[in-house]
Enquirer: 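This is the structure, below, for whatever I ask next.
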Amino acid sequence: MEPCSFIALKRFSCNKVSIEQFALSFMPYNHQHIEAKWQKFWEEHNVYRTTTDTTKPKYYVLDMFPYPSGAGLHVGHPEGYTATDIVARYKRMKGFNVLHPMGFDAFGLPTERYAMTTGIHPAKVTEENIANFTRQLKSLGFSYDWERVINTTDPEYYKWTQWIFLLIYNSWYDDEQQRARPIEELPIPPEYTTPLEIQQYQDSKRLAYIAEIPVNWCEELGTVLANEEVDEWVSKGYTVERRPMRQWMLRITAYAERLLRDLSLVDWPHSTIEMQKNWIGKSEGAEVIFPLVGHDDGITVYTTRPDTIFGVSYIVLAPEHPLVDRITTPEQRKAVEEYKKSVALKSDLERTELAKEKTGVFTGAYAINPVNNATVPVWIADYVLAHYGTGSVMGVPSGDQRDHDFAQTFGLPIPIVVQPKDPKLAASWDFSRYAFEDYDNAIAVNSKTENISLDGMDSNTAKKWITLWLESEGLGKLKVQYKLRDWLFSRQRYWGEPVPIMFFDDGTRRALELDELPLCLPDIHDFQPTGTGESPLAKVEGWVNFVDKKTGKKARFETNTMPQWAGSCWYYLRFIDPKNTTALVDKAQEQYWMGTGEHGGVDLYVGGAEHAVLHLLYARFWHKVLYDYGYVSTPEPFKKLFHQGLILGEDAVKMSKSRGNVINPDDVVQEYGADALRVFEMFMGPLEATKPWSTKGVEGVARFLHRSYRMIADEDTGTLLPNVQDVELTPEQSFLLHSTIKKVSEDIESLSFNTAVAQMMIFVNEFTKAEIRPRIAMEQFVLCLAPFAPHVSEELWHILGHTRSVTQEPFPEYDPACLVQHEVEIVLQVNSKVRAKVVVPADADALALEMIALQNPTIQKFLNGKTPKKVIAVPSKLVNVIV
RNA sequence: GCAGAAGUGGCGGAAUUGGCAGACGCGCUGGACUCAAAAUCCAGUGGGCUAACCACCCGUGUGGGUUCGACUCCCACCUUCUGCACCA
C-alpha cells in the first residue's frame with residue numbers, strides 16, 4: 001500500500017480537484033488548511049445530518065442557544081459548546097443516534113436599542129448577527145445538524161410560541177386533578193349568568209391573564225424594566241419608578257407544587273436545585289383571623305409561627321392592603337395617607353435597601369387576638385409585603401427579630417412566649433434586645449387561657465397543636481404558601497413575539513386560532529417608544545386597528561409583546577422536528593427523542609449557571625402545561641443539566657471591553673486553530689470551574705497537537721512516517737493504550753475532559769519515545785482524539801490510509817485483559833512513614849507481603865532489631881510495620 | 001443574614017469505598033541543534049537541611065479529633081466565589 005507518496009505529490013496540482021480528491025490530498029500540518037479542508041468535506045458530505053432512526057438508541061445533547069449579539073461569539077461560548085460536541089461525537093462513535101442542534105434566541109432589547117439609534121431594522125441586524133455567529137460556530141468544527149437551525153424571530157417558529165401561549169391562555173388549572181384543562185371545561189358557579197359575567201369568571205381562572213400591577217417604569221427609556229435590569233439603568237443615571245400598568249401575567253404559581261416536587265426526577269447540579277427550591281419558597285403555616293374592633297370582618301394574617309400567637313403585640317398591614325382605607329380612623333387618616341404616598345414613591349429596591357430602620361404608622365384601629373381576646377393595635381408598615389401571604393402579619397416581638405425591631409422602634413410591648421430549651425440559655429437570653437428565632441430548640445411559655453395551653457410544648461409540637469385547635473374553632477386554618485410569583489409576561493417593545501389576542505369595542509376579546517397564526521410583526525421604521533407606556537406597535541395604525549374577518553367587528557390588537565424568555569421556553573422541542581407546519585412537534589418523533597415517563601427528557605443540557613432559575617423554571621412550567629395536554633411525553637424537559645464555568649481574562653478577572661482583556665475566538669482560531677482552542681478549553685480545568693484564560697496554555701495545547709501529528713506523520717510532507725508499522729504492541733504499550741481508551745471513555749461520560757486530555761498527552765509522550773510505532777495503537781489513539789480535535793484527527797485518520805470519515809468510525813473498546821498488571825510497586829512503611837518501595841507480584845496476598853516487608857534490608861534497619869507490634873498489609877498498596 | 005460551591009507548588013490543575021500528595025500543562029533552570037534566533041528535542045523543577053537530586057525533616061486555608069495511616073472522615077473556625085435577601 002503506497003497511497004501516501006502518490007497523494008503527497010498531488011498537493012502541487014490540486015487547484016481544481018473534486019472534493020474527494022481534495023480530501024485525499026495531504027499537505028504540511030497547517031491548521032488553517034486542514035480545518036478549512038475538513039469543514040468543507042463534512043459540510044458537502046452531510047456528515048452531521050440527523051435522521052430519526054428508531055433502530056438505534058437515541059442521545060439528545062443540547063446547548064443553551066445564544067443570543068446573537070453584535071459582538072459575536074466570546075470565548076465562553078465554545079467552552080460549553082465544545083463539551084457537548086465531544087459528547088455528541090463520542091456518542092455517535094458509540095453507536096447512538098445523536099441529536100445535537102443549534103439555534104438563535106434572537107428577540108431582545110439590545111437589538112431593538114441598536115435599531116433605535118441606527119434606524120436599521122432589527123430583522124436585518126438579527127440576520128447579520130446570526131450569519132456572523134454561524135460562521136464562527138462553523139469555524140470551530142462543531143458537529144451540529146445545521147438543517148435543524150432555529151431562529152426564534154422566524155414567523156414559522158414564533159407561530160408555535162404564540163400557539164403555546166394561546167394554549168396557556170385557553171386553560172385553567174384544576175386543583176383536584178392537578179393539571180391544566182381547557183377553559184370551556186371550567187365549571188361556572190350558578191350565580192354567574194350573563195355572558196360578560198361568565199367571561200369575567202373564566203378570565204379570573206385563565207393561566208394567562210391581564211392584571212393591573214406595579215412595574216418598574218423608566219420614562220426616558222419609555223419601557224418597563226425587569227427587576228434584574230433596574231440596577232443597571234439606575235446606575236447609568238436613569239430614574240425608574242413604580243407605576244401600576246396593565247400587564248399580561250402567566251399563572252406559574254398554579255404549578256408551584258409540581259415544579260418543586262418534580263425536582264426529584266432530574267439529574268441537576270445540587271446548587272441549581274437548591275436555588276429553584278428557594279425561588280419557589282414553600283412554607284407551611286396557618287392563616288388566622290383577627291376580628292376587628294367595631295367592624296363586622298377581620299384581618300387574616302399568615303404566619304409560620306402560630307405557636308407564638310399568644311405573644312402578638314400588634315398587627316401590621318402592608319400599606320397597599322385593601323382594608324387600610326376602611327379601618328383608618330379620622331384622627332390617623334392624614335398620617336396614614338402621607339405614609340402610603342411615601343411608600344408608593346419607593347421602588348422595591350429602596351424598600352429593601354433602607355431596611356435597617358423600621359417605619360410605620362398606626363391606623364387607629366384595633367383587632368382581637370382570637371386565642372386570648374387581647375386587644376392589639378393595627379399598624380401599617382412597608383416591611384410587610386402586599387403580594388406575599390395575606391399582606392398582613394401578626395407582630396410577635398419575642399419570636400421574630402423583624403417584629404422585635406418594629407416593637408422597639410415604636411415602643412410596643414414585647415410579651416415573651418418562647419424560650420430556649422436549654423435552661424442556661426433561657427436564663428441568659430435578653431429579650432429586650434433579641435427575639436428567639438431558633439424554633440427547633442424552643443419551648444412555648446406564657447401561652448395559656450382557661451381553654452388551652454401550649455406551655456412547656458416544644459415549638460414544633462405547639463405549632464401543629466394550635467393549628468388544629470384554630471381550625472376546629474373556625475378561627476384559622478392550615479396554609480401552604482409559596483414565594484413564587486406569577487410571571488410578568490408582557491414588554492412594551494417591538495422586537496418580540498406579538499400577543500395574538502384582539503380586543504373589541506364592547507370590552508370582549510378574541511384569541512386568534514391556529515389558522516390565523518402566526519400573527520406577524522408589522523414592518524416598521526420608527527422604533528422609538530411611544531412615551532405612553534405602549535410599545536412602538538401602538539403607532540402602527542394599519543396593524544393595530546382593523547376589522548376582524550371572523551366576526552366583522554372593529555378590533556384592536558394587543559400592543560405588548562412577549563418577553564425574551566418565551567422563545568427559549570420550548571426550543572428544545574422544535575429541534576426534534578423543526579420544519580413541521582402542522583404541529584409544534586411530531587408526536588412519534590417527540591417520543592423517540594425525549595423518551596417517555598419520569599426518566600425521559602433531553603439527555604444532556606449544558607449552559608451557564610446564570611439561567612439556573614428563570615429560564616429553567618419557565619421552560620419547566622411550559623413543558624408541564626404541554627404535558628398536561630399530552631403534547632409531550634415526559635414531566636420534565638431536561639434530564640441531566642450541567643453548568644460550564646466562567647472563563648476569566650488572563651488577569652483572572654471577568655472579561656470586559658473596558659478592561660481590554662477580552663479574547664476573541666476568531667483570533668485564537670486564526671493563530672492556533674479550532675482544534676487547539678477546543679482542546680485548550682477542555683484542558684483548562686473542570687468544566688464547571690471558573691478559570692482564567694491563558695495564551696501560553698493554548699500554545700502548550702497546540703504543541704501537543706503538533707506532537708500528536710508528528711508521532712504519526714511527517715510534518716513537512718504530510719505523509720505517514722515509516723516508523724508507523726504493523727507490529728505487535730509490547731505489554732507496556734498495550735497497557736498504556738488500553739488505559740488511555742478506558743480513561744478517555746470514562747472521562748467523556750463523566751464530563752471530566754481535562755483529565756482525558758492529560759491521559760492522551762501521556763500517551764503521546766510515551767509513544768513518541770518509541771522508535772517503531774504500532775499502527776494499531778496510532779489508529780486507536782486518533783479515534784480517542786477525534787471527539788476533541790476533529791480536524792487534525794480526520795487528517796491523521798486519512799493519512800493512516802482510511803477513506804471513511806473518522807466521525808463515522810466506532811470508538812475503540814478497551815480490553816480489560818491488557819490492564820491486568822503482573823507486578824506492582826508497593827510502599828513499605830515503618831510507623832506509617834514511607835521507608836522503601838518494592839516491586840511485588842500483583843497477586844501477592846497480605847501474608848506474602850508481610851514476609852517481603854520484614855525481610856527488606858531498609859525496613860530491618862528501621863526496625864533496629866525490635867519486634868513489630870503489628871503489621872498492616874494491603875495487597876497492591878502497602879505494608880505498614882508498627883513498632 | 002440565609003442557601004450553595006470551593007480553598008493543594010510560582011500559575012491552571014491531578015489524586016478522595018482513607019493507603020507513594022503535586023499526574024498533565026504553563027512558567028522557570030540547564031543542555032542539544034543553530035552563525036544567531038525561533039521552532040524542536042533532552043534533563044531538572046514543592047519547601048527546608050546538606051558538599052551531595054545520600055539521608056532526614058516539613059508540607060494540601062487554621063485549630064482540634066478519629067485512625068496503623070487523613071488532601072480525603074468528624075467538630076470548631078477563617079477566607080473566597082455564586083445566588084437570594086424584611087417572604088412573616
Side-chain angles (χ1 to χ4, degrees), chain A residues 269-279 281-283 285 301-306 308 316 318 348 351-356 358 381-385 387-396 399-403 405-406 437 481-485 609-610 612-613 643 645-646 648 650 652 679-680 683-686 688-701 703-704 706-707 710 715 752 754-765 768-769 825-837 858 868-874 876-883:
Chain A
H270 181 64
S271 59
T272 303
I273 288 182
E274 285 304 306
M275 268 193 249
Q276 292 225 343
K277 281 184 183 168
N278 291 341
W279 193 262
K282 182 179 182 174
S283 68
V301 301
Y302 172 69
T303 177
T304 56
R305 296 292 307 278
T308 62
V316 193
D348 260 9
R351 258 170 94 155
T352 53
E353 256 175 20
L354 305 171
K356 295 129 211 163
K358 290 278 183 290
D382 68 359
Y383 85 92
V384 174
L385 307 172
H387 57 75
Y388 184 77
T390 59
S392 50
V393 305
M394 57 183 214
V396 183
D400 185 295
Q401 193 58 41
R402 294 159 304 183
D403 295 346
D405 293 346
F406 190 80
E437 295 182 303
Q481 186 69 44
Y482 303 89
K483 285 189 206 169
L484 184 68
R485 288 203 251 170
E610 66 273 21
V613 177
H643 300 304
L646 200 65
L648 304 173
E650 206 136 14
V679 176
F680 172 65
F683 186 57
M684 290 169 85
E688 69 275 21
T690 301
K691 52 226 169 225
W693 182 261
S694 162
T695 300
K696 288 287 182 191
V698 188
E699 286 173 10
V701 165
R703 253 195 302 273
F704 158 67
H706 277 88
R707 280 163 62 82
R710 283 199 309 271
E715 206 163 17
S752 311
N754 53 332
T755 47
V757 174
Q759 181 64 34
M760 289 190 283
M761 288 174 168
I762 293 169
F763 180 95
V764 172
N765 290 345
T768 304
K769 287 177 195 159
E825 189 182 61
I826 65 159
V827 172
L828 304 183
Q829 297 178 327
V830 176
N831 287 340
S832 306
K833 284 187 198 277
V834 179
R835 297 301 180 184
K837 294 173 186 181
T858 314
K869 280 188 201 141
K870 190 174 172 186
V871 178
I872 295 137
V874 183
S876 308
K877 294 279 185 198
L878 53 62
V879 181
N880 190 4
V881 183
I882 311 299
V883 290

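None of the values given here were measured: they were computed from a predicted structure.
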Enquirer: Classify the nucleic acid contact of A:Glu688 as base, sugar-phosphate or nothing, counting any heavy atom under 4.0 Å across all strands shown.
Expert: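 Nothing, no nucleic acid heavy atom in range.
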
Enquirer: Do A:Asp405 and A:Gln401 pass the side-chain hydrogen bond (donor to acceptor under 3.5 Å, both in side chains) test, and can you show the C-alpha distance, the side-chain angles, and the key distance before you say yes or no?
Expert: CA-CA 6 Å; A:Asp405 293 346; A:Gln401 193 58 41; 3.2 Å; yes

Enquirer: Any heavy-atom pair between the side chains of A:Trp693 and A:Val698 that's under 4.5 Å?
Expert: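 Yes. Closest side-chain heavy atoms under 4.5 Å.
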
Enquirer: Between P on B:C26 and CZ on A:Phe683, what's the gap in Å once rounded to a whole number?
Expert: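 Rounding to the nearest Å, CZ of A:Phe683 and P of B:C26 are 8 Å apart.
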
Enquirer: On RNA chain B, check which nucleotide each of A:Gly389 and A:Trp279 is closest to and give me the residue with the more 5' one.
Expert: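 Upstream on the strand: A:Trp279.
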
Enquirer: So does A:Arg835 get a side-chain nitrogen or oxygen closer than 4.0 Å to the phosphate oxygens (OP1/OP2) of B:C20?
Expert: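 No, no such contact exists.
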
Enquirer: Could you give the CZ-to-C1' distance, from A:Arg703 to B:C41, as a whole number of Å?
Expert: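 Going from A:Arg703 (CZ) to B:C41 (C1'), I get 12 Å.
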
Enquirer: Report the distance from atom NZ of A:Lys358 to atom C1' of B:A88, rounded to the nearest whole Å.
Expert: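 Computing the A:Lys358:NZ to B:A88:C1' distance gives 11 Å.
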
Enquirer: Just checking A:Ile882: base, sugar-phosphate only, or nothing, at a heavy-atom cut-off of under 4.0 Å?
Expert: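 The answer is sugar-phosphate, as A:Ile882 gets under 4.0 Å only of primed atoms, P, OP1 or OP2.
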
Enquirer: B:G63 and B:G30: how far apart are their C1' atoms, nearest whole angstrom?
Expert: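 B:G63 and B:G30 have their C1' atoms separated by 43 Å.
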
Enquirer: Where each residue is assigned the nucleotide of RNA chain B containing its nearest heavy atom, which of A:Lys696 and A:Leu484 is assigned the position nearer the 5′ end?
Expert: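 The 5'-side residue here is A:Lys696.
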
Enquirer: Indicate, with a heavy-atom threshold strictly under 4.0 Å, whether A:Lys483 touches base, sugar-phosphate, or nothing.
Expert: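 If one applies the 4.0 Å heavy-atom cut-off, A:Lys483 turns out to touch a base.
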
Enquirer: Could you give the NZ-to-P distance, from A:Lys870 to B:C68, as a whole number of Å?
Expert: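 One finds 5 Å between P of B:C68 and NZ of A:Lys870, rounded.
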
Enquirer: Just wondering, do A:Tyr302 and A:Gln481 contact through their side chains at under 4.5 Å, heavy atoms?
Expert: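 SC-SC contact between A:Gln481 and A:Tyr302 confirmed.
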
Enquirer: Compare side-chain N and O positions of A:Tyr383 against OP1 and OP2 of B:A88 and report whether any pair is under 4.0 Å apart.
Expert: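 Negative; the distance criterion is not met.
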
Enquirer: NA contact type, A:Lys833, heavy-atom cut-off 4.0 Å: base, sugar-phosphate, or nothing?
Expert: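 Sugar-phosphate, no base atom in range.
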
